[in-house]
Amino acid sequence: MELSKFDLSGRVAVVTGAASGIGRATAVGLAGLGAAVGCVDLGGSDLEGVAAEIKRSGGKGLAVAVDVTDRTGLDGAVQRIEGDLGPVSAAVNAAGIANAERGEVMPSTQWQKVIDVDLTGVFFSCQAEASSMFRAGGGSIVNIASMSARIANRGLYQAHYNAAKAGVVQLGRSLAWEWADRGIRVNSVSPGYTKTPMTQRPEQANAMEGYAKETPLARNAVPDDIVGPVAFLLSEAASFVTGIDLLVDGGFTIW
Ligand code: NAP
């Protein structure tokens, strides 16, 4: 086994949700492994900041503002990344939102917004990225799902989020076989509780310490914990891995 199989040099990656948390750590991490990274998010200084951080470290980073629920906008974003950095052969879809409400009173608008961003946004992103990968002759997509695809989070009223994440896992299996004959692998990574702005929401922030105690590895994840497993799935070292969901939860779901 050659170490170079883990290397991402020469690859062009798209990372959605790149301005914050897991997406940001992934964008910076993939650039450190040699990839040129198209950083996609809603926009603002944090998005420009991640591209600037990549450039300061000697890498290639491009900030592109787009809403992942905008299918046409995503096509334009991927085309811009392809034009500036080259054909896309790696993609990580980490853009997402979370909030809470009890199932019996959750308004349809709240349900729909989370489904739109966390499930349909991932599907639209995969479609736009795959169109470039078809031109590149193949690639690897990693969707960021969640351990909430498999468990109900004790004390968190988020049926919409959990349903969307289960959808992301099944979406990955479905696209994995549909696109296998064109050289595209599709997998998901499912983080456990990770310290990011998303988990600083009032309904969750105070529970993080308790979650850490319930985790066999006895802590919450930090965004960098998620980057290695994602990079592995994008790399040639994972050339026979497709359609899986890789849990990165410190063992939280084993009991
Ligand atoms: P985060 O820090 O809030 O980052 C999410 C990023 O996605 C933000 O920059 C956000 O922009 C962006 N975003 C939101 N809606 C978007 C849209 N419509 N179009 C484009 N970008 C959009 O959250 P995170 O914790 O890193 O989460 C990253 C992914 O990991 C999410 O899919 C999340 O569900 C998943 N995850 C997180 C955890 C955890 O414990 N943190 C656990 C399991 C899975 P704004 O800030 O401007 O809204």
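All ligand and atom numbering here is 1-based and tracks the order in the structure. Atoms considered below: every heavy atom in the structure, side chains included; atoms not considered: hydrogens, waters and symmetry mates. If you're wondering where the values come from, they're calculated on a predicted model, not measured in any experiment.
Within ligand 1, the atoms closer than 4.0 Å to a non-hydrogen atom of Ile97 are 14 (C), 15 (N), numbered from 1 in the order shown. Shown in contact with Tyr193 at under 4.0 Å from a heavy atom are these atoms of ligand 1, numbered in order with element: 40 (O). Within the listing of ligand 1, atoms 2 (O), 26 (O) sit less than 4.0 angstrom from a heavy atom of Gly21. Atoms of ligand 1 found under 4.0 Å from any heavy atom of Lys165 (numbered from 1 in listed order, with element): 31 (C), 32 (O), 33 (C), 34 (O), 35 (C). Set against the non-hydrogen atoms of Thr199, the atoms of ligand 1 under 4.0 Å away are 39 (C), 40 (O), 41 (N). For ligand 1, the atoms closer than 4.0 angstrom to any heavy atom of Val66 are 19 (N), 20 (C).
Within the 4.0 Å heavy-atom shell around ligand 1 one finds Pro197. Using a non-hydrogen distance threshold of 4.0 Å, Ser148 does not register as a contact of ligand 1. The shell of residues lying under 4.0 angstrom from ligand 1, judged by heavy atoms, excludes Thr16.
The residue among Val122, Asn220, Leu42 with a heavy atom at the shortest distance from atom 17 (C) of ligand 1 is Leu42.
Partners of Arg154 under the side-chain contact (heavy atoms from CB on, under 4.5 Å) rule, at least two apart in sequence or in another chain, are Glu214.
The single protein non-hydrogen atom nearest to atom 40 (O) of ligand 1 is Thr194 N, 2.8 Å, given as residue, atom name and distance. Residue, atom and distance of the protein heavy atom nearest to atom 42 (C) of ligand 1 are Gly192 O, 3.3 Å. Atom 19 (N) of ligand 1 has its closest protein heavy atom at Val68 N, 3.0 Å. In this structure, the protein non-hydrogen atom closest to atom 27 (O) of ligand 1 is Met198 CE, 3.9 Å. Atom 5 (C) of ligand 1 has Gly96 O, 3.7 Å as its closest protein atom, hydrogens excluded (heavy atom only). When only non-hydrogen protein atoms are considered, atom 36 (N) of ligand 1 lies nearest to Tyr161 OH, 3.5 Å. The protein non-hydrogen atom at the shortest distance from atom 2 (O) of ligand 1 is Ser20 OG, 2.6 Å.
Residue-level proximity to ligand 1 for Thr196 is carried by the side chain, the only part with a heavy atom below 4.0 angstrom. At a heavy-atom distance under 4.0 Å, atoms from both the backbone and the side chain of Asp67 approach ligand 1. Neither the backbone nor the side chain of Ala18 comes within contact range of ligand 1; no heavy atom lies under 4.0 Å. Under 4.0 Å from ligand 1, not a single heavy atom of Asp46 appears. With a 4.0 Å heavy-atom cut-off, ligand 1 is reached by the backbone of Ile22 and by its side chain too.
For the pair Thr16 (side chain) and Ala94 (backbone), a donor-acceptor distance under 3.5 Å is present.
When all heavy atoms of Ile115 and His160 are compared, the pair lying nearest together is CD1-O, 3.8 Å. Here the closest heavy-atom approach between residue Ala152 and residue Asn162 is recorded as CA-ND2, 3.9 Å.
Using a cut-off of 4.0 Å between Lys/Arg side-chain N and Asp/Glu carboxylate O, Arg24 and Asp41 are scored as not salt-bridged.
Close N/O approach between Asp41 and ligand 1 is found [any backbone or side-chain N/O within under 3.5 Å]. Polar contact check, Ala94 against ligand 1: a nitrogen or oxygen pair lies under 3.5 Å apart.
Tyr211 and Tyr193 have parallel rings, their planes meeting at less than 30° on a 0 to 90° scale where 60° marks the start of perpendicular.
Distance check for atom 15 (N) of ligand 1: a protein heavy atom is found below 4.0 Å.
To the nearest 0.5 Å, atom CG of residue Leu156 and atom CD of residue Gln158 are 4.5 Å apart.
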